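Taking it in order: structure first as structure tokens, then the write-up.
Since the model is a prediction, treat every value here as computed from it, not as a measurement.
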Amino acid sequence: MVHRILIVTAVAAEADSVSAGLGLGDPGLLPLPGGLTLRRHRDRVDVLVGGVGPAAVAAATGTALAHEALTGDRGRYGLVVSAGIAGGFLPAAPVGSVVVSSAIVAADLGAETPDGYLAVEELGFGRSVHHVPEALTDRITTALTAGSTDTAGPDAGTPDAGTPDTGTPDTAAPGTTAPPYALAPVLTVSTVTGTARRAAELAERHPTAAAEAMEGFGVAEAAAAHGVPVVEIRAVSNAVGPRDRAAWRIGEALGALRHTFELLSRTVLVEPWEPS
């Protein structure tokens, strides 16, 4: 049976970087219900643009998983990956680095009280955390560590700090070192952090988190409903904190995302993985 993976992004630019990193050529396009389209790479890896935010992407991921379960003749997906760019918590995840999720956390799924925030578990409803199997994160970080042994100049793939970021992925020559990475929880939020106060609140509540984005938990909920392992991989485009668009490095982050999936396409994405 072919090892099959579903990779879900929020927007097309992220999907473009993932597809470029896979290096499997132009994908076939498979229409799905709801106006969605799967990018099918050689019947092995499917890439889906699922929309922004946990609700939209949960619906899209669930649609793809259900469609494959009902109509697919290539076997079930063995892994779901939530991928894209994100804000990083300093100093753990600087701009241009990559975060591999040890856990996917819904950071604002709960209730505010006079005594502080209560996660949904403390309210007696549902869950706010999906833990990623260590055997899976070990394989991913091993591939990224191996990639860091390649040689490259110190400025490869890094934009001039004085140059506006257009959002076009940076491209690096073969042999470029892998971006630095952190293995840590990734937060899912419905409202992106834009103030120092909010950043401090999240850091206090989740002191080991390294990144925040808007989709991971939605992808994870859909994957869990279908019994498929899930992991989130994020490239950092900006620091979590006061909103400063001039400091965003979207092109650099998309380049790091592309290179990360280039490394994973040689190992993790081609070798079947079974939960221990």
Side-chain angles (χ1 to χ4, degrees), residues 3-22 24 27-72 74-86 98-101 103-106 130 132-133 136-137 140 169 186-190 192 211-235 237 253-254 256-258 260-262 264-265 268-269 273:
H3 179 47
R4 301 189 59 244
I5 295 173
L6 175 64
I7 302 172
V8 186
T9 72
V11 298
E14 295 167 326
D16 291 344
S17 291
V18 169
S19 291
L22 293 173
L24 296 174
L29 301 180
L30 176 65
L32 295 181
L36 301 169
T37 302
L38 272 182
R39 305 182 186 191
R40 176 147 288 170
H41 293 271
R42 298 186 186 175
D43 281 346
R44 195 173 84 204
V45 182
D46 292 346
V47 180
L48 174 68
V49 177
V52 174
V57 81
T61 304
T63 296
L65 290 167
H67 184 270
E68 196 62 23
L70 293 172
T71 67
R74 290 160 296 277
R76 286 167 47 91
Y77 291 113
L79 176 64
V80 175
V81 182
S82 174
I85 63 175
V98 168
V99 179
V100 178
S101 65
I104 301 170
V105 183
H130 288 273
V132 181
L136 176 56
T137 58
I140 294 171
V186 176
L187 306 184
T188 299
V189 294
S190 294
V192 172
E212 74 161 23
M214 300 180 72
E215 292 80 31
F217 190 79
V219 174
E221 282 285 280
H226 286 261
V228 183
V230 64
V231 65
E232 186 168 6
I233 300 174
R234 293 283 176 176
S237 61
L254 291 172
L257 187 68
R258 179 199 58 77
T260 296
F261 277 89
E262 180 183 346
L264 297 181
S265 71
V268 178
L269 303 186
W273 176 81

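Considering every non-hydrogen atom in both V231 and I104, the closest pair reads C-CD1, 4.2 Å. Here the shortest heavy-atom pairing between E68 and R4 reads OE2-NH1, 3.1 Å. Heavy atoms only, all atoms of each residue included: I85 and A253 are closest at CG2-CB, 3.7 Å. T188 and G216 get closest at one heavy-atom pair: OG1-N, 3.5 Å. Contact record, A83 with F261: CB-CZ, 3.7 Å, taken as the closest heavy-atom pair.
Using a 4.5 Å heavy-atom cutoff, the side chains of M214 and S190 are not in contact. Under the 4.5 Å side-chain criterion, counting only non-hydrogen atoms from C-beta, I233 is in contact with T260. In this structure, the side chains of R44 and I5 stay at 4.5 Å or more apart for every pair of heavy atoms. Between L48 and L36, the closest side-chain pair of non-hydrogen atoms falls below 4.5 Å. Taking 4.5 Å as the limit, every side-chain heavy atom of L136 sits out of range of all side-chain heavy atoms of V230. In this structure the side chain of L6 never reaches within 4.5 angstrom of the side chain of V81, judged on heavy atoms. Taking the side chain as every heavy atom from C-beta outward, L29 and R40 never approach each other to under 4.5 Å.
Scored by the ring-ring contact (aromatic ring centres under 6.0 Å, His included) test, H130 finds F217 as partners (sequence neighbours excluded). Residues satisfying the side-chain contact (heavy atoms from CB on, under 4.5 Å) test with A15, not counting sequence neighbours, are T9, R39, V47, V49. When the side-chain hydrogen bond (donor to acceptor under 3.5 Å, both in side chains) test is applied to H41, the partners found at least two apart in sequence or on another chain are S19.
The OG atom of S17 sits 4.0 Å away from the CG atom of L254 when rounded to the nearest 0.5 Å. To the nearest 0.5 angstrom, T37 atom OG1 is 8.0 Å from L30 atom CG. Taken to the nearest 0.5 Å, the CG atom of L264 stands 9.0 Å off from the CG atom of L22. In this structure, S101 OG and E232 CD are separated by 5.5 Å, a value rounded to the nearest 0.5 Å.
Applying the salt bridge (Lys or Arg N to Asp or Glu O under 4.0 Å) test to pairs two or more places apart or on separate chains, those with a residue in residues 216-228 are R127-E221. Counting only residues at least two apart or in different chains, salt bridge (Lys or Arg N to Asp or Glu O under 4.0 Å) contacts with residues 211-220 comprise E215-R234.
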Show me, pair by pair, the donor-acceptor contacts under 3.5 angstrom made by side chains of residues 52-63, not counting sequence neighbours?
unit_1, atom_1, unit_2, atom_2, d
T61, OG1, V57, O, 2.7
T63, OG1, A59, O, 2.8

